[in-house]
Amino acid sequence: MLQHHLLIAFRNRRRHKGSFFINLVGLSTGLACAFLIYLWVTDEKSFDKFHQKDEQLFQVMERSKEAGNIIIHEATQGPLAAAMMKDLPEVETAVPVLSLQKEGFYAQMRNGQKGVRSSGIFADKPFFTTFSFPLLHGNPKQVLQDKNGIVISEALAKSLFGSPEAAIGKTIEWEIIGSGKNAVVSGVFAALPANNSLQFDFVMSYDLLMSELVPNFQQWWNEGPATYLVLKPGTDVEKFNSKITNFLKAYHKESNFTLFVRPYSSAYLYGHYENGKQAGGRIDYVRLFSVVALFILLIACINFMNLSTARASRRLKEVGVKKVMGSSRKALIFQFLSEAVLIAFLSLFVAIFLVVALLPVFNQVTGKEIDILVTPELIGLLLGITFITGLFSGSYPAFYLSGFNPIAVLKGKVRNSMGELLARKGLVVFQFVVSLVLIIAVLVIHQQVDYVQSKHLGYNKDNVISFDKEGAIGQNTEAFMMELRRTPGVEGASGVQQSIVQAKGSLGASTYGIDWPGKTEKDIVDFMVRAVDYDFLETMGIQVKEGRSFSQEFGDEKTKLIFNEAAIKAMGLKTPVGTNLKMWGEDRQVIGVVKDFHVTSLHEKIEPMVFYYSQKNSSVIVARLENGKEKQALQKVEALYKKFNPGHVFNYTFLDDSYQAQYVSEQRISMLSQYFAGLAILISCLGLFGLAAFNAEVRTKEIGIRKVLGASVENVVLLLSKDFLRLILLADGIV
């Protein structure tokens with residue numbers, strides 16, 4: 001019987017090639033879109049899940065109450081990991097990690113005259129036994145035992161030494177923020193997985209960071225590294241969180257931080273907090289595109305339903321004869337459902353071909369490295385979704401066609417019922433409502449991205465380059481800056497402690513150590529701190545609201561401070577300029593207030609900020625190039641850089657590129673939404689085209705008579721289109 005049904009289905013498809021093609025294209029496109037979105041969602045949900053200890057791996061987070069709001073911090077105290085390992089029996093392993101890239105710093109790695117700019121981390125000894133980053137060479141338990149050891153990536157090993165094997169035991173000269181030393185390569189790790197959020201080119205010893213580079217991290221009042229814990233199996237996380245809430249009080253009584261842990265692999269999707277509570281993150285995009293996939297598939301199914309019910313009149317005699325010959329309604333339903341499932345599986349094969357062909361382009365758009373791994377789970381999912389799609393798309397036509405009265409059919413008394421017409425029109429309206437909603441969503445996302453790109457940030461980011469103060473420039477900064485400012489094509493130059501564009505989730509250098517007149521115990525404010533050189537505000541185009549900027553004309557500026565508006569508001573100062581206060585226990589004076597400007601992304605509020613003058617601590621050089629002469633100016637700046645740093649590579653970034661990098665995810669989401677919304681609209685229009693073509697076919701004689709009686713082409717087009725235009729306008733009105 002099934003073979004008989006399939007044969008009839010094949011004959012019907014061959015007889016009605018147009019509607020078959022429309023159904024095939026619609027369903028295959030819908031399935032391909034759903035498959036691509038499934039691959040994207042699966043990849044998003046797999047981030048950081050590859051670690052063997054994933055279920056036991058947690059990150060320690062800090063919570064503080066500031067200006068009436070609860071703020072969540074990823075940075076923790078330097079000795080915290082060791083203290084938790086010692087005091088808490090639930091902790092199997094504790095690892096502190098400081099990411100240079102997240103703080104806006106890079107390192108110069110050199111092998112003789114060959115240098116490479118790299119990003120890296122400082123991590124404690126159990127790092128490679130806690131996280132599952134595979135080592136090509138070296139013992140995971142020993143590679144970080146030596147304070148002067150370094151573990152480098154396979155790519156960095158090839159760049160500096162030619163091969164990973166040749167790198168082991170070799171010496172690398174490194175320089176970070178003006179500090180430099182030699183390190184011996186103790187291990188080489190393989191390329192990091194694409195679905196990993198912790199990116200680095202090298203790993204250096206945490207002991208080196210604490211003892212030589214940033215000794216202040218040994219103090220409990222300071223924050224910086226992230227702390228990761230492996231909890232023993234069976235640990236009740238809620239009870240553990242209750243236990244560690246006031247853990248810091250035992251080591252720092254004045255601390256206003258409380259602690260809690262979150263699963264390490266949850267940070268990628270659930271990293272956004274509002275007033276101390278988890279409030280989404282990238283999981284919102286995952287949910288959004290899951291819904292989009294469902295709607296696209298639904299639109300494709302509706303196309304099938306509409307075309308099948310519209311063409312029901314062509315199969316009335318077949319249904320009537322079969323019923324007269326004794327066929328039951330169940331048998332007819334099975335026949336029509338099997339036809340729909342057959343088309344769905346044919347569409348699946350076309351969809352798989354489309355996905356394979358489009359996957360490289362899809363990866364380029366999404367910035368991912370997705371591969372199709374054929375697993376029993378994937379095969380089962382595809383077959384299951386396709387089968388359900390076939391049943392759903394064929395359900396209404398099957399029940400509709402099988403319900404005809406055989407006597408009425410054979411006598412030719414069956415006409416399209418009002419219920420059928422209303423149902424078909426309702427489905428068309430639903431299709432276009434969904435399509436219009438997607439169009440509006442795409443326009444909103446596009447406007448948001450456009451707003452991000454065009455909004456004035458409070459400073460001028462155009463034509464500004466930044467590069468690290470490295471090598472001899474760090475020892476002879478004043479001479480370099482003097483020549484840089486005189487370089488043709490350079491309109492202004494200065495120095496700053498860290499990049500003015502800060503990574504998400506990081507304030508960079510910050511402090512609670514400012515005491516101002518009228519401050520109470522409840523006034524807890526975390527100020528972003530930036531050491532700057534002369535002319536920084538002028539170079540960046542930051543507007544001074546009150547007072548003045550740092551200037552050599554006023555002599556020693558080391559005791560002077562400049563705040564932004566957010567900081568003045570947080571302190572409640574009415575007449576800030578001239579106010580005397582203390583920072584880090586030393587007397588300071590406010591000489592200026594600048595208008596608020598964005599350092600972090602527009603997703604985050606503007607934080608209180610304070611500038612102090614220090615050429616020594618200004619580790620990043622910024623220079624504004626003359627508009628239209630950027631290329632010539634860059635060549636001259638590079639020549640000057642190499643004059644002071646012979647053999648060094650001149651690595652620079654344009655500030656607007658750094659700014660745009662903060663919104664790569666949003667730009668990709670915007671592009672994806674445009675593609676999928678376009679496909680949804682295409683599928684809807686394809687179904688409407690099929691209905692219109694069938695309508696024209698049914699009314700061929702009527703059209704002929706009208707033309708003979710003098711109707712123009714425009715009259716005929718209007719006649720055939722007005723019903724569909726009403727439906728589209730109705731959908732537009734609903735939206």
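Scope of the values below: all heavy atoms of this structure, side chains included, with no hydrogens, waters or symmetry mates.
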Side chain to side chain donor-acceptor pair (under 3.5 Å) for S670 and Q674? Distances and angles first, verdict last.
CA-CA 6 Å; S670 175; Q674 290 177 44; 3.3 Å; yes

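- Here the side chain of E565 pairs a donor or acceptor atom with the backbone of D596 at under 3.5 angstrom.
- The main-chain N or O of S64 is never found under 3.5 Å from a side-chain atom of N69 such that the two would form a donor-acceptor pair.
- For the residue pair N182/T171, the side-chain donor-acceptor check at 3.5 Å is not satisfied.
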Going through the distances and angles, do S153 and D201 end up as a side chain to side chain donor-acceptor pair (under 3.5 Å)?
CA-CA 5 Å; S153 68; D201 300 315; 4.6 Å; no

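- In this structure, F131 has its ring center at least 6.0 angstrom away from the ring center of F50.
- A donor-acceptor pair under 3.5 Å links the side-chain atoms of N645 to the main chain of A472, judged by distance alone.
- Interatomic distance, CG of L484 versus CZ of F644, reported as 9.5 Å (0.5 Å rounding).
- If you take CD on E175 and CZ on R110, they are separated by 9.0 Å, rounding to the nearest 0.5 Å.
- Checked by atom type and distance alone, the side chain of D48 pairs as donor or acceptor with a backbone atom of S197 at under 3.5 Å.
- E223 places no side-chain N or O within donor-acceptor distance of the main-chain N or O of P225, the cut-off being under 3.5 Å.
- Contact annotation: the side chain of Q632 approaches that of K629 to within less than 4.5 Å [non-hydrogen atoms, C-beta and beyond].
- Of all non-hydrogen atoms in Y270 and R262, the two that sit nearest each other are O-NH1, 4.4 Å.
- Of all heavy-atom pairs spanning I473 and T477, the tightest one is O-OG1, 2.8 Å.
- Between F597 and V594, the closest heavy-atom pair is CE2-CG2, 4.2 Å.
- Side-chain contact between V490 and E626 is absent, with no heavy-atom pair separated by less than 4.5 Å.
- Looking at E557, its side chain does come within 3.5 Å of a backbone N or O of S551 through a donor-acceptor pair.
- Atom CD1 in I669 sits 7.5 Å away from atom CG in L288 (nearest 0.5 Å).
- With sequence neighbours excluded, the residues forming a side-chain contact (heavy atoms from CB on, under 4.5 Å) with N222 are N216, F217, listed by chain and number.
- Remark: aromatic rings of F122 and Y206 are distant, center separation not under 6.0 Å.
- Note that the CD atom of E274 and the CD1 atom of I72 stand 11.5 Å from one another [nearest 0.5 Å].
- Looking at V203 and I150, their side chains never come closer than 4.5 Å, going by heavy atoms from C-beta outward.
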From CA spacing to verdict: side-chain contact (heavy atoms from CB on, under 4.5 Å), V188, L135
CA-CA 6 Å; V188 177; L135 289 173; over 6 Å; no

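- Taking the six-membered ring for Trp and the full ring otherwise, H598 and Y459 have centroids separated by 6.0 Å or more.
- L144 has its side chain within reach of F127: a pair of non-hydrogen atoms, C-beta onward, lies under 4.5 Å apart.
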Please determine whether side chain to side chain donor-acceptor pair (under 3.5 Å) holds for the pair S119 and Q199, giving the CA-CA distance in whole Å, both sets of side-chain angles, and the decisive distance to 0.1 Å.
CA-CA 8 Å; S119 64; Q199 297 294 325; over 6 Å; no

Run L160 and L156 through side-chain contact (heavy atoms from CB on, under 4.5 Å) and show every step you take.
CA-CA 6 Å; L160 292 177; L156 187 57; 4.0 Å; yes

Determine, step by step, whether Y38 and F289 satisfy the ring-ring contact (aromatic ring centres under 6.0 Å, His included) criterion, reporting the C-alpha distance in whole Å, the side-chain angles of both residues, the deciding distance to 0.1 Å, and the verdict.
CA-CA 9 Å; Y38 165 78; F289 281 107; over 10 Å; no

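- Between F202 and F189, the gap from one ring centroid to the other reaches at least 6.0 Å.
- Atom NZ of K368 has more than 12 heavy atoms from other residues, nucleotides or ligands within 6.0 Å.
- Considering only heavy atoms from C-beta on, I568 stays 4.5 Å or farther from K545 through its side chain.
- By the 4.0 Å N-to-carboxylate-O rule, E173 lies too far from K181 to be salt-bridged with it.
- If you look at Y268 and F47, their ring centroids are closer than 6.0 Å.
- You'll find the side chain of T653 reaches within 4.5 Å of the side chain of S466, heavy atoms only.
- With R624 contributing its side chain and E491 its backbone, the two residues share no donor-acceptor pair below 3.5 Å.
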Quick one: do K595 and N564 satisfy side-chain contact (heavy atoms from CB on, under 4.5 Å)? Show the steps, please.
CA-CA 6 Å; K595 290 186 176 182; N564 68 350; over 6 Å; no

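- Residues K49 and S265 approach most closely at NZ-OG, 3.4 Å, considering heavy atoms.
- Ring to ring, F611 and F563 are not that close: their centroids are 6.0 angstrom or more apart.
- Closest heavy-atom contact between L561 and M583: CD2-CE, 3.7 Å.
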Residues L198, Y264; criterion side-chain contact (heavy atoms from CB on, under 4.5 Å); working and verdict
CA-CA 11 Å; L198 185 61; Y264 171 71; 3.7 Å; yes

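- Annotation for G547 and V544: closest pair O-CG1, 3.6 Å, computed over non-hydrogen atoms.
- Taking the side chain as every heavy atom from C-beta outward, L457 and K461 approach each other to under 4.5 Å.
- Once rounded to the nearest 0.5 Å, the distance linking CE of M528 with CD of Q497 reads 10.5 Å.
- Looking at heavy atoms from C-beta onward, Y512 lies out of side-chain contact with V525 at the 4.5 angstrom threshold.
- Here the side chain of S494 pairs a donor or acceptor atom with the backbone of Y534 at under 3.5 angstrom.
- The aromatic rings of Y652 and F654 sit perpendicular, their planes meeting at an angle over 60°, well past the 30° parallel limit.
- With hydrogens and angles ignored, the 3.5 Å screen pairs no side-chain donor or acceptor of H73 with any backbone N or O of E62.
- In this structure, CE on M204 lies 9.0 Å from CG on L100, to the nearest 0.5 angstrom.
- At distances below 3.5 Å, not a single donor-acceptor pair connects side-chain atoms of D468 with backbone N or O atoms of V620.
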